[in-house]
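Read the structure below first, then the notes.
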Amino acid sequence: MPTRGGSTKTTTTTDASLRVVFLGGLGEIGRNCFCLESEGRVLVVDCGIMFPDVDMPGVDLVLPDFTYLRERADAVEGVVLTHAHEDHAGGLSFLLRDVSFPIYGSALSLGLAQNRIAEAGLLDRTELIPIADGERRRIGPFECEFIPVTHSVPHAFAVAYHTPAGTVLHTGDFKLDLEPVDGRTTDLARIGEIARRDGGVRLLLSDSTNAERPGFTPSESSVGASLRTLFRDCDGKRLIVACFASHLHRVQQVAQAAVATGRKVAFVGRSMIQNVALAREVGVLDVPADSVIDIDATLQLPPGEVCIVCTGSQGEPMSALSLMAAREHQRVKVDDDDVVVISAHAIPGNETNVSRVIDALHRAGADVVHAGTASVHVSGHASQEELKLLIGLVQPEWFVPVHGEYRHLVHHVRLARQAGVPPENAVVCEDGDALTLDSDGLAVERRAVPAGYLYVDGIVGDVGHGVLRDRRSLAEEGVVVVIVTVDAVTGELVTEPELVTRGWVHEPEADELIEGARAAVRASVEEAVADGTVDFDAVRRHARRALGRYINKRTRRRPAVIPVVVEV
Ligand SMILES: [Zn+2]
Ligand SMILES: [Zn+2]
């Protein structure tokens, strides 16, 4: 039996303690980032972004709040990258502006993450240190062991942190795929060994994405089988398959199915072309060279001999698939000779875009196959039975679910209790919480560090809650600006008040309303001046109040009202 609970406390963990600080990913899918702190040194695990919701107008992406790390910039030993999905690696090029650090990850993860860092011109602020499967490496005071796991990008890691306060196991994003495309399975044997050693695993941090989903997640190989059947059924048609550019095992299986049905393969979309080149270079992707052709060369072939693999599975507006759907793609014109396969699941927030693209493809005459109509996609995350299996194998002393919305974390805690973790030792934590693991057990400090959303619009800075609130209110109610020109000495109106509005009223009702609004402002300012007001702030207040009252009375709307007083 593994040593657990009381027996752990007899080991030599007297005054050693480890702090775990969650900066993101606990309460949302995205911006995954947590820190380990020991002996005054900090190791960061993943540094991801989140894609914006519809209620964040104009926001490009959302970052973790890096205040905690900026304040400890000199103590940061490095970042461990479990894998290179955007929700784990997308924030690196932002954090590197404030803090310089090396990044540890599989060669493929580093290769995939490198482009964004290079685009930001920050490669000189870091060192990319490749790690092999099973490797153990000391990073500052942290003894890290990198364990292979299966996921929807090849060469992902779980990491065991062996510290004086005990071992912490972080699964990273994972599933228990027993037939992975590359044969590299999750190393359950090694995880079992770590669990059985003296002290066992004191704290397990595990991926909660699919904690609500019963059963087992099907193997990635099952998609290959469906694709082969589908491709055979599409005899004579051109195939256009969209998937994540980082899902190289999916790309591999699409290419195999294409070659098996006598097709040539062309890759389209910047990140698809980049990632395929990298994957072929590091030996992750194996497609016969004579089966790969340029997109222009596909135009010389009959449709039934072509398979295009492209980006845009999330309906991203400027992606290859969206351009094809809008008939704006330079090379690929979609028509009724095409079958489009969307081999992905829409990330929350992207559903509307994906559905719009599917509609547009139908308008263009194409047939569309997606996860809702055929088995052309499986998840990269473990479902309930896999999660319980892992917890049962690890038998951690403490369990904290990570990587999920709040409800996923709650369900994961229930699974942990079913799998034998003592109820009081399975705890839901949120962004900003900090854990202290020592010989007394695990202490949770709620909201220990700043962990709010950092909204990025363009290339810099935090847009801030105030700006977002303004944008939402402008989007919903519009704006009315009134310009009042007054005599600098007497305060009397020099000209008629001018009104400029966006999003308040629409012609033809506008003329009469705007005329009424001008009259209301004029009357109010004249009255104020007659009472002896020559203070421009007071004039501005009068104009705002009169206009706001008029708008509310006549239209029951609440646009932003902005008075401008010009003195001449
Ligand atoms: Zn992932
Ligand atoms: Zn993830």
Side-chain angles (χ1 to χ4, degrees), residues 22-34 44-52 61-64 79-92 95 103-106 108-113 116 146-159 169-177 180-182 184 186 205-213 217 219-220 223 243-251 271 275 279 284 311 313-314 343-350 377-383 386-387 390 400-409 411-412 431:
F22 299 111
L23 296 186
L26 283 74
E28 66 266 307
I29 299 281
R31 50 176 223 143
N32 294 289
C33 184
F34 70 87
V44 185
V45 181
D46 290 334
C47 184
I49 58 158
M50 185 172 81
F51 296 103
L61 55 93
V62 184
L63 289 173
V79 172
V80 165
L81 187 59
T82 59
H83 64 291
H85 279 154
E86 292 287 340
D87 61 324
H88 297 259
L92 289 168
L95 182 57
I103 304 171
Y104 302 83
S106 68
L108 180 71
S109 297
L110 297 176
L112 292 170
R116 254 180 188 264
F146 296 81
I147 304 159
V149 291
T150 46
H151 183 42
S152 45
V153 58
H155 296 186
F157 285 134
V159 185
L169 179 65
H170 172 229
T171 63
D173 291 9
F174 82 105
K175 66 195 270 191
L176 301 180
D177 193 335
V181 171
D182 59 358
R184 178 186 177 274
T186 298
L205 307 170
S206 185
D207 173 5
S208 311
T209 314
N210 282 347
E212 284 183 305
R213 197 182 286 189
T217 303
S219 169
E220 176 61 26
V223 177
C243 68
F244 271 110
S246 61
H247 201 334
L248 294 156
H249 287 153
R250 188 65 54 79
V251 174
S271 57
N275 290 0
V284 167
T311 52
S313 64
Q314 296 301 303
S343 186
H345 182 75
I347 294 175
N350 294 341
H377 175 69
V378 294
S379 170
H381 299 272
S383 299
E386 294 155 89
L387 295 173
L390 184 90
V400 174
V402 297
H403 202 286
E405 292 168 12
Y406 193 79
R407 65 176 197 276
H408 302 136
L409 307 179
H411 280 267
H412 205 176
D431 296 341

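For ligands, and for the atoms within them, numbers begin at 1 and follow the listed sequence.
Among heteroatoms of the N, O or S kind in His151, NE2 lies nearest the Zn ion (ligand 1).
Between His83 and His85, the angle of the ring planes goes over 60°, which puts this pair in the perpendicular group of the 30/60° scheme.
At least one donor-acceptor pair closer than 3.5 Å links the side chain of Arg184 to the backbone N or O of Ala156.
Around the Zn ion (ligand 2), the protein atoms of type N, O or S found under 2.8 Å away are Asp87 OD2, His88 NE2, Asp173 OD2, His403 NE2, listed by chain and number.
With no hydrogens or angles considered, no side-chain donor-acceptor pair links Asp207 and Thr171 at under 3.5 Å.
In terms of the side chain to side chain contact (heavy atoms under 4.5 Å, CB included) criterion, residue partners of Thr217 (sequence neighbours excluded) are, by chain and number, Lys175, Asn210, Ser379, Ser383, Glu386.
The environment of His345 atom NE2 is sparse: at most 12 non-hydrogen atoms of other residues, nucleotides or ligands sit within 6.0 angstrom.
Separation of the His412 and His403 ring centroids does not fall under the 6.0 Å cut-off.
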